[in-house]
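What follows is one structure encoded as C-alpha coordinates, with my remarks underneath.
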Protein chains: 2
Amino acid sequence: MKLYDLELSGNCYKVRLFCALNNIPLDIVPVDYLAGEHKGSEYLAINPLGQLPSLDDNGLIIRDSQAILVYLAVKYDLINWWPHGAIGQALIMQWLSFSANEIARGPNDARLHDLFEVPLDVAEARDKARAVLDVTEATLQDSNWLVGDKVTLADIACFPYIALAHQGGVALDAYPKTRAWCERIKMLNGFITMPGIE
Amino acid sequence: MKLYDLELSGNCYKVRLFCALNNIPLDIVPVDYLAGEHKGSEYLAINPLGQLPSLDDNGLIIRDSQAILVYLAVKYDLINWWPHGAIGQALIMQWLSFSANEIARGPNDARLHDLFEVPLDVAEARDKARAVLDVTEATLQDSNWLVGDKVTLADIACFPYIALAHQGGVALDAYPKTRAWCERIKMLNGFITMPGIE
(Lines give C-alpha, C1' and ligand atoms only; values in the text may rest on other atoms or scores of the structure.)
Protein backbone atom coordinates (compact mmCIF):
# COMPACT_ATOMS: atom_id res chain seq x y z
CA MET A 1 0.00 0.00 0.00
CA LYS A 2 1.22 3.45 -0.94
CA LEU A 3 0.60 6.49 1.23
CA TYR A 4 0.89 9.85 -0.52
CA ASP A 5 2.37 11.68 2.38
CA LEU A 6 3.59 14.95 3.83
CA GLU A 7 5.80 14.55 6.87
CA LEU A 8 4.57 17.76 8.53
CA SER A 9 0.87 16.97 8.06
CA GLY A 10 -0.97 15.77 11.16
CA ASN A 11 -3.52 14.08 8.90
CA CYS A 12 -0.79 12.06 7.18
CA TYR A 13 0.83 11.33 10.53
CA LYS A 14 -2.35 9.82 11.95
CA VAL A 15 -2.26 7.18 9.20
CA ARG A 16 1.45 6.51 9.68
CA LEU A 17 0.88 6.26 13.44
CA PHE A 18 -2.05 3.85 13.12
CA CYS A 19 -0.06 1.65 10.76
CA ALA A 20 2.95 1.67 13.08
CA LEU A 21 0.78 0.67 16.06
CA ASN A 22 -0.63 -2.24 14.06
CA ASN A 23 2.43 -3.36 12.11
CA ILE A 24 0.83 -2.49 8.78
CA PRO A 25 3.53 -1.90 6.16
CA LEU A 26 3.27 1.30 4.10
CA ASP A 27 5.22 2.56 1.13
CA ILE A 28 5.60 6.27 1.78
CA VAL A 29 5.39 8.49 -1.32
CA PRO A 30 6.40 12.03 -0.28
CA VAL A 31 4.44 14.83 -1.98
CA ASP A 32 6.17 18.21 -2.16
CA TYR A 33 3.59 20.51 -0.52
CA LEU A 34 5.76 23.63 -0.55
CA ALA A 35 6.33 23.20 -4.30
CA GLY A 36 2.55 22.82 -4.78
CA GLU A 37 2.81 19.23 -6.00
CA HIS A 38 -0.52 18.42 -4.25
CA LYS A 39 -2.25 20.89 -6.62
CA GLY A 40 -0.50 19.59 -9.75
CA SER A 41 -2.33 17.59 -12.40
CA GLU A 42 -0.56 14.34 -11.53
CA TYR A 43 -1.68 14.36 -7.89
CA LEU A 44 -5.13 15.80 -8.68
CA ALA A 45 -5.71 12.72 -10.84
CA ILE A 46 -5.19 10.69 -7.66
CA ASN A 47 -7.10 13.00 -5.30
CA PRO A 48 -9.30 15.65 -6.97
CA LEU A 49 -9.49 17.54 -3.66
CA GLY A 50 -5.73 18.09 -3.75
CA GLN A 51 -5.47 17.04 -0.13
CA LEU A 52 -3.02 14.83 1.69
CA PRO A 53 -2.93 11.99 2.56
CA SER A 54 -4.26 9.56 -0.03
CA LEU A 55 -3.94 5.80 0.18
CA ASP A 56 -3.41 3.63 -2.89
CA ASP A 57 -4.14 -0.03 -2.17
CA ASN A 58 -3.45 -1.83 -5.41
CA GLY A 59 -5.21 0.84 -7.46
CA LEU A 60 -8.04 1.51 -5.00
CA ILE A 61 -7.64 5.14 -3.94
CA ILE A 62 -8.96 6.28 -0.55
CA ARG A 63 -8.72 9.98 0.31
CA ASP A 64 -9.38 11.62 3.71
CA SER A 65 -7.45 10.52 6.77
CA GLN A 66 -10.55 9.41 8.69
CA ALA A 67 -11.71 7.27 5.76
CA ILE A 68 -8.24 5.72 5.51
CA LEU A 69 -8.29 4.83 9.22
CA VAL A 70 -11.68 3.14 8.82
CA TYR A 71 -10.49 1.35 5.69
CA LEU A 72 -7.44 -0.08 7.40
CA ALA A 73 -9.30 -1.06 10.58
CA VAL A 74 -11.98 -2.96 8.63
CA LYS A 75 -9.53 -4.46 6.12
CA TYR A 76 -7.38 -5.91 8.89
CA ASP A 77 -10.38 -6.69 11.16
CA LEU A 78 -9.01 -4.54 13.99
CA ILE A 79 -12.24 -4.54 15.98
CA ASN A 80 -10.65 -3.07 19.10
CA TRP A 81 -10.05 0.08 17.06
CA TRP A 82 -13.34 0.10 15.10
CA PRO A 83 -15.93 -2.38 16.36
CA HIS A 84 -18.76 -3.90 14.35
CA GLY A 85 -21.63 -2.74 16.58
CA ALA A 86 -23.86 0.33 16.27
CA ILE A 87 -22.96 1.88 19.62
CA GLY A 88 -19.21 1.51 19.19
CA GLN A 89 -19.13 2.79 15.62
CA ALA A 90 -21.40 5.73 16.44
CA LEU A 91 -19.45 6.80 19.52
CA ILE A 92 -16.20 6.69 17.56
CA MET A 93 -17.81 8.35 14.55
CA GLN A 94 -18.62 11.38 16.74
CA TRP A 95 -14.88 11.91 17.12
CA LEU A 96 -14.07 11.29 13.46
CA SER A 97 -16.48 14.13 12.65
CA PHE A 98 -14.99 16.17 15.49
CA SER A 99 -11.60 15.72 13.87
CA ALA A 100 -12.89 16.61 10.38
CA ASN A 101 -14.78 19.68 11.61
CA GLU A 102 -13.92 21.19 15.01
CA ILE A 103 -10.27 20.12 15.12
CA ALA A 104 -9.73 21.15 11.48
CA ARG A 105 -11.20 24.60 12.17
CA GLY A 106 -9.38 24.95 15.50
CA PRO A 107 -5.85 23.71 16.23
CA ASN A 108 -5.24 22.59 12.63
CA ASP A 109 -6.14 25.99 11.13
CA ALA A 110 -4.17 27.88 13.80
CA ARG A 111 -1.10 25.79 12.97
CA LEU A 112 -1.62 26.24 9.22
CA HIS A 113 -1.50 29.99 9.84
CA ASP A 114 1.54 29.99 12.09
CA LEU A 115 3.60 27.30 10.39
CA PHE A 116 2.64 27.55 6.71
CA GLU A 117 1.48 31.18 6.58
CA VAL A 118 -1.97 30.24 5.31
CA PRO A 119 -4.07 33.44 5.46
CA LEU A 120 -6.96 32.96 7.89
CA ASP A 121 -8.41 34.45 11.09
CA VAL A 122 -5.94 32.96 13.56
CA ALA A 123 -7.62 34.48 16.63
CA GLU A 124 -10.84 32.69 15.72
CA ALA A 125 -8.96 29.45 15.05
CA ARG A 126 -7.31 29.70 18.48
CA ASP A 127 -10.69 30.30 20.12
CA LYS A 128 -11.98 27.19 18.39
CA ALA A 129 -8.86 25.27 19.45
CA ARG A 130 -9.57 26.14 23.09
CA ALA A 131 -13.21 25.05 22.62
CA VAL A 132 -11.88 21.73 21.26
CA LEU A 133 -9.66 21.32 24.32
CA ASP A 134 -12.57 22.11 26.64
CA VAL A 135 -14.42 19.18 25.08
CA THR A 136 -11.53 16.72 25.31
CA GLU A 137 -10.75 17.83 28.86
CA ALA A 138 -14.35 17.25 29.98
CA THR A 139 -14.50 13.90 28.19
CA LEU A 140 -11.23 12.70 29.73
CA GLN A 141 -12.18 13.78 33.24
CA ASP A 142 -13.18 10.27 34.27
CA SER A 143 -11.88 8.28 31.34
CA ASN A 144 -8.50 7.32 29.92
CA TRP A 145 -9.69 7.30 26.31
CA LEU A 146 -12.22 9.25 24.23
CA VAL A 147 -14.51 6.22 23.79
CA GLY A 148 -14.82 3.39 26.29
CA ASP A 149 -11.90 1.96 28.23
CA LYS A 150 -9.52 1.21 25.34
CA VAL A 151 -7.75 3.21 22.67
CA THR A 152 -9.78 3.42 19.42
CA LEU A 153 -9.75 5.24 16.09
CA ALA A 154 -11.30 8.17 17.97
CA ASP A 155 -8.05 8.78 19.84
CA ILE A 156 -5.84 8.37 16.77
CA ALA A 157 -8.00 10.75 14.70
CA CYS A 158 -7.93 13.48 17.36
CA PHE A 159 -4.42 13.12 18.78
CA PRO A 160 -2.16 14.72 16.13
CA TYR A 161 -3.51 18.27 15.97
CA ILE A 162 -4.10 18.38 19.73
CA ALA A 163 -0.51 17.31 20.38
CA LEU A 164 0.58 19.93 17.79
CA ALA A 165 -1.66 22.72 19.15
CA HIS A 166 1.36 24.57 20.55
CA GLN A 167 2.54 25.12 16.95
CA GLY A 168 -0.62 27.19 16.45
CA GLY A 169 -0.07 29.23 19.59
CA VAL A 170 -2.35 27.20 21.89
CA ALA A 171 -0.70 25.68 24.96
CA LEU A 172 -2.03 22.60 26.74
CA ASP A 173 -1.01 23.92 30.18
CA ALA A 174 -4.60 24.44 31.30
CA TYR A 175 -5.65 20.97 30.14
CA PRO A 176 -4.01 18.36 32.39
CA LYS A 177 -6.35 15.49 31.48
CA THR A 178 -5.73 16.09 27.78
CA ARG A 179 -1.98 16.23 28.40
CA ALA A 180 -2.13 12.92 30.29
CA TRP A 181 -4.12 11.38 27.42
CA CYS A 182 -1.40 12.52 24.98
CA GLU A 183 1.17 10.84 27.19
CA ARG A 184 -0.87 7.61 27.23
CA ILE A 185 -0.89 7.59 23.44
CA LYS A 186 2.86 8.12 23.38
CA MET A 187 3.25 5.05 25.62
CA LEU A 188 1.43 2.75 23.18
CA ASN A 189 3.48 -0.12 21.86
CA GLY A 190 4.88 0.83 18.46
CA PHE A 191 4.25 4.59 18.83
CA ILE A 192 6.07 6.77 16.33
CA THR A 193 6.40 10.53 16.43
CA MET A 194 6.54 13.41 13.94
CA PRO A 195 8.23 16.82 14.00
CA GLY A 196 6.57 18.96 16.70
CA ILE A 197 5.56 16.03 18.91
CA GLU A 198 8.14 15.14 21.52
CA MET B 1 -35.94 7.29 20.03
CA LYS B 2 -35.91 11.03 20.61
CA LEU B 3 -34.32 13.45 18.16
CA TYR B 4 -33.41 16.85 19.57
CA ASP B 5 -34.25 18.80 16.48
CA LEU B 6 -34.32 22.13 14.71
CA GLU B 7 -36.59 22.21 11.69
CA LEU B 8 -34.36 24.64 9.76
CA SER B 9 -31.13 22.70 10.36
CA GLY B 10 -29.89 20.64 7.41
CA ASN B 11 -28.01 18.41 9.85
CA CYS B 12 -31.24 17.62 11.73
CA TYR B 13 -33.07 17.17 8.44
CA LYS B 14 -30.60 14.55 7.21
CA VAL B 15 -31.53 12.36 10.21
CA ARG B 16 -35.27 12.95 9.73
CA LEU B 17 -34.89 12.16 6.03
CA PHE B 18 -32.94 8.95 6.62
CA CYS B 19 -35.53 7.79 9.15
CA ALA B 20 -38.39 8.61 6.79
CA LEU B 21 -36.73 6.66 3.96
CA ASN B 22 -36.36 3.64 6.24
CA ASN B 23 -39.60 3.81 8.26
CA ILE B 24 -37.72 4.41 11.51
CA PRO B 25 -40.02 6.14 14.01
CA LEU B 26 -38.64 9.25 15.76
CA ASP B 27 -40.01 11.36 18.57
CA ILE B 28 -39.10 14.90 17.56
CA VAL B 29 -38.10 17.21 20.44
CA PRO B 30 -37.86 20.76 19.05
CA VAL B 31 -35.04 22.86 20.50
CA ASP B 32 -35.51 26.64 20.31
CA TYR B 33 -32.34 27.76 18.51
CA LEU B 34 -33.31 31.42 18.19
CA ALA B 35 -33.92 31.57 21.95
CA GLY B 36 -30.50 29.97 22.54
CA GLU B 37 -31.95 26.81 24.11
CA HIS B 38 -29.12 24.78 22.50
CA LYS B 39 -26.61 26.72 24.61
CA GLY B 40 -28.64 26.38 27.84
CA SER B 41 -27.54 24.14 30.70
CA GLU B 42 -30.33 21.62 30.12
CA TYR B 43 -29.34 20.92 26.53
CA LEU B 44 -25.59 21.16 27.23
CA ALA B 45 -26.06 18.29 29.68
CA ILE B 46 -27.31 16.25 26.69
CA ASN B 47 -24.76 17.55 24.16
CA PRO B 48 -21.77 19.45 25.60
CA LEU B 49 -21.00 20.84 22.13
CA GLY B 50 -24.34 22.64 22.10
CA GLN B 51 -25.02 21.39 18.58
CA LEU B 52 -28.11 19.98 16.94
CA PRO B 53 -29.16 17.27 16.36
CA SER B 54 -28.68 14.79 19.20
CA LEU B 55 -30.28 11.36 19.34
CA ASP B 56 -31.45 9.81 22.60
CA ASP B 57 -32.03 6.07 22.24
CA ASN B 58 -33.22 4.93 25.62
CA GLY B 59 -30.62 7.03 27.42
CA LEU B 60 -27.78 6.46 24.98
CA ILE B 61 -26.95 9.89 23.55
CA ILE B 62 -25.38 10.18 20.10
CA ARG B 63 -24.36 13.64 18.89
CA ASP B 64 -23.27 14.64 15.36
CA SER B 65 -25.50 13.96 12.38
CA GLN B 66 -22.99 11.70 10.63
CA ALA B 67 -22.58 9.57 13.77
CA ILE B 68 -26.36 9.32 14.11
CA LEU B 69 -26.67 8.12 10.51
CA VAL B 70 -24.04 5.42 11.12
CA TYR B 71 -25.72 4.45 14.40
CA LEU B 72 -29.12 3.97 12.78
CA ALA B 73 -27.76 2.14 9.74
CA VAL B 74 -25.85 -0.36 11.90
CA LYS B 75 -28.61 -0.71 14.51
CA TYR B 76 -31.17 -1.60 11.85
CA ASP B 77 -28.67 -3.55 9.72
CA LEU B 78 -29.26 -1.35 6.66
CA ILE B 79 -26.26 -2.62 4.75
CA ASN B 80 -27.32 -1.01 1.47
CA TRP B 81 -26.77 2.33 3.20
CA TRP B 82 -23.64 1.41 5.19
CA PRO B 83 -22.05 -1.90 4.22
CA HIS B 84 -19.87 -4.10 6.41
CA GLY B 85 -16.83 -4.18 4.14
CA ALA B 86 -13.69 -2.05 4.18
CA ILE B 87 -14.05 -0.61 0.69
CA GLY B 88 -17.70 0.35 1.09
CA GLN B 89 -17.28 1.92 4.52
CA ALA B 90 -14.16 3.82 3.45
CA LEU B 91 -15.67 5.19 0.25
CA ILE B 92 -18.75 6.38 2.16
CA MET B 93 -16.62 7.67 5.02
CA GLN B 94 -14.85 10.02 2.57
CA TRP B 95 -18.19 11.76 2.07
CA LEU B 96 -19.11 11.79 5.76
CA SER B 97 -15.86 13.70 6.35
CA PHE B 98 -16.63 15.87 3.29
CA SER B 99 -19.95 16.74 4.89
CA ALA B 100 -18.37 17.47 8.30
CA ASN B 101 -15.57 19.57 6.81
CA GLU B 102 -15.93 20.97 3.28
CA ILE B 103 -19.73 21.19 3.21
CA ALA B 104 -19.81 22.68 6.71
CA ARG B 105 -17.28 25.35 5.73
CA GLY B 106 -18.92 25.98 2.35
CA PRO B 107 -22.68 25.94 1.69
CA ASN B 108 -23.58 25.45 5.35
CA ASP B 109 -21.55 28.46 6.53
CA ALA B 110 -22.81 30.65 3.67
CA ARG B 111 -26.39 29.81 4.63
CA LEU B 112 -25.68 30.41 8.35
CA HIS B 113 -24.53 33.88 7.36
CA ASP B 114 -27.43 34.72 5.09
CA LEU B 115 -30.26 33.08 7.01
CA PHE B 116 -29.19 33.32 10.66
CA GLU B 117 -26.87 36.33 10.45
CA VAL B 118 -23.92 34.39 11.84
CA PRO B 119 -20.87 36.66 11.44
CA LEU B 120 -18.35 35.00 9.10
CA ASP B 121 -16.54 35.60 5.81
CA VAL B 122 -19.40 34.80 3.44
CA ALA B 123 -17.37 35.39 0.27
CA GLU B 124 -14.93 32.71 1.40
CA ALA B 125 -17.79 30.37 2.35
CA ARG B 126 -19.32 30.83 -1.11
CA ASP B 127 -15.96 30.09 -2.74
CA LYS B 128 -15.76 26.90 -0.70
CA ALA B 129 -19.38 26.07 -1.63
CA ARG B 130 -18.48 26.29 -5.32
CA ALA B 131 -15.44 24.08 -4.71
CA VAL B 132 -17.78 21.55 -3.05
CA LEU B 133 -20.06 21.63 -6.08
CA ASP B 134 -17.10 21.16 -8.43
CA VAL B 135 -16.32 17.95 -6.55
CA THR B 136 -19.88 16.59 -6.59
CA GLU B 137 -20.30 17.57 -10.24
CA ALA B 138 -17.13 15.71 -11.24
CA THR B 139 -18.09 12.68 -9.13
CA LEU B 140 -21.60 12.52 -10.61
CA GLN B 141 -20.40 12.89 -14.20
CA ASP B 142 -20.66 9.16 -14.87
CA SER B 143 -22.51 8.00 -11.77
CA ASN B 144 -25.99 8.40 -10.33
CA TRP B 145 -24.82 8.32 -6.70
CA LEU B 146 -21.75 9.48 -4.78
CA VAL B 147 -20.59 5.90 -4.03
CA GLY B 148 -21.31 2.93 -6.24
CA ASP B 149 -24.59 2.39 -8.07
CA LYS B 150 -27.02 2.77 -5.16
CA VAL B 151 -27.96 5.50 -2.72
CA THR B 152 -25.93 5.32 0.52
CA LEU B 153 -25.27 7.35 3.67
CA ALA B 154 -22.86 9.39 1.53
CA ASP B 155 -25.74 10.88 -0.44
CA ILE B 156 -27.91 11.54 2.62
CA ALA B 157 -25.05 13.22 4.49
CA CYS B 158 -24.22 15.55 1.58
CA PHE B 159 -27.66 16.27 0.14
CA PRO B 160 -29.21 18.80 2.58
CA TYR B 161 -26.73 21.67 2.42
CA ILE B 162 -26.21 21.21 -1.32
CA ALA B 163 -29.95 21.37 -1.91
CA LEU B 164 -30.04 24.44 0.40
CA ALA B 165 -27.01 26.16 -1.20
CA HIS B 166 -29.25 28.80 -2.82
CA GLN B 167 -30.12 30.03 0.69
CA GLY B 168 -26.43 30.95 1.05
CA GLY B 169 -26.31 32.73 -2.28
CA VAL B 170 -24.89 29.87 -4.35
CA ALA B 171 -27.02 28.70 -7.28
CA LEU B 172 -26.84 25.19 -8.73
CA ASP B 173 -27.41 26.45 -12.30
CA ALA B 174 -23.88 25.61 -13.41
CA TYR B 175 -24.04 22.11 -11.89
CA PRO B 176 -26.52 20.02 -13.92
CA LYS B 177 -25.28 16.64 -12.69
CA THR B 178 -25.59 17.76 -9.09
CA ARG B 179 -29.09 19.09 -9.75
CA ALA B 180 -30.10 15.78 -11.33
CA TRP B 181 -28.70 13.93 -8.30
CA CYS B 182 -30.82 16.15 -6.02
CA GLU B 183 -33.87 15.23 -8.10
CA ARG B 184 -33.03 11.54 -7.79
CA ILE B 185 -32.94 11.84 -4.02
CA LYS B 186 -36.30 13.63 -4.06
CA MET B 187 -37.75 10.69 -6.02
CA LEU B 188 -36.77 8.14 -3.34
CA ASN B 189 -39.66 6.28 -1.79
CA GLY B 190 -40.58 7.96 1.51
CA PHE B 191 -38.73 11.22 0.77
CA ILE B 192 -39.66 14.14 3.02
CA THR B 193 -38.67 17.75 2.57
CA MET B 194 -37.78 20.74 4.76
CA PRO B 195 -38.23 24.50 4.34
CA GLY B 196 -36.00 25.67 1.49
CA ILE B 197 -36.07 22.38 -0.41
CA GLU B 198 -38.85 22.17 -2.98
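Letters A, B, ... mirror the listed sequences (proteins, then strands); counts begin at 1.
Shown here for B/Ile62 and A/Ala90, the closest heavy-atom pair between the two residues is CD1-CB, 3.8 Å. The two atoms that bring A/Ala86 and B/Val74 nearest to each other are N-CG1, 3.3 Å, heavy atoms only. Taking every heavy atom of both residues into account, B/Gln89 and A/Val70 meet most closely at OE1-CG1, 3.8 Å.
At most 12 non-hydrogen atoms from other residues, nucleotides or ligands lie less than 6.0 angstrom from CD of B/Glu117. Enclosure of atom CD in A/Glu42 is not indicated, since only 12 or fewer non-hydrogen atoms of other residues, nucleotides or ligands lie within 6.0 angstrom.
Linking Ile, Leu, Val, Met, Phe, Trp and Tyr whenever their side-chain heavy atoms come within less than 4.5 Å leaves B/Tyr43 and B/Leu60 in two separate clusters. By the rule that hydrophobic residues join a cluster once side-chain heavy atoms approach within less than 4.5 Å of another member, B/Leu72 and B/Phe191 end up as members of one cluster. B/Phe159 and B/Leu112 are members of different hydrophobic clusters when ILVMFWY side chains are connected at heavy-atom separations under 4.5 Å. Cluster membership for B/Tyr4 and B/Met1, using ILVMFWY side-chain heavy atoms within less than 4.5 angstrom, is not shared.
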* Would you sort out whether A/Gln66 and B/Gln66 count as a side chain to side chain donor-acceptor pair (under 3.5 Å), showing the intermediate values? => CA-CA 13 Å; A/Gln66 274 69 245; B/Gln66 274 69 245; over 6 Å; no

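Taking chain B as the reference chain and counting heavy-atom pairs below 4.5 Å, the highest number among A/Met93, A/Lys75, A/His84, A/Glu124 is found for A/Met93. Heavy-atom pairs under 4.5 Å with chain B were tallied for A/Leu91, A/Asp109, A/Asp121; the largest tally goes to A/Asp109.
Contact annotation for B/Leu49: only side-chain heavy atoms (C-beta onward) come within less than 4.5 Å of a heavy atom of chain A. Heavy atoms of A/Glu102 lying under 4.5 Å from chain B belong exclusively to its side chain. With a threshold of 4.5 angstrom between heavy atoms, A/Phe98 approaches chain B through side-chain atoms but not through N, CA, C or O. Proximity to chain B involves both the backbone and the side chain of A/Ala104, based on heavy atoms less than 4.5 angstrom apart.
Remark: side-chain polar atoms of B/Asn101 are paired, donor with acceptor, to backbone N or O of A/Ala100 under 3.5 angstrom.
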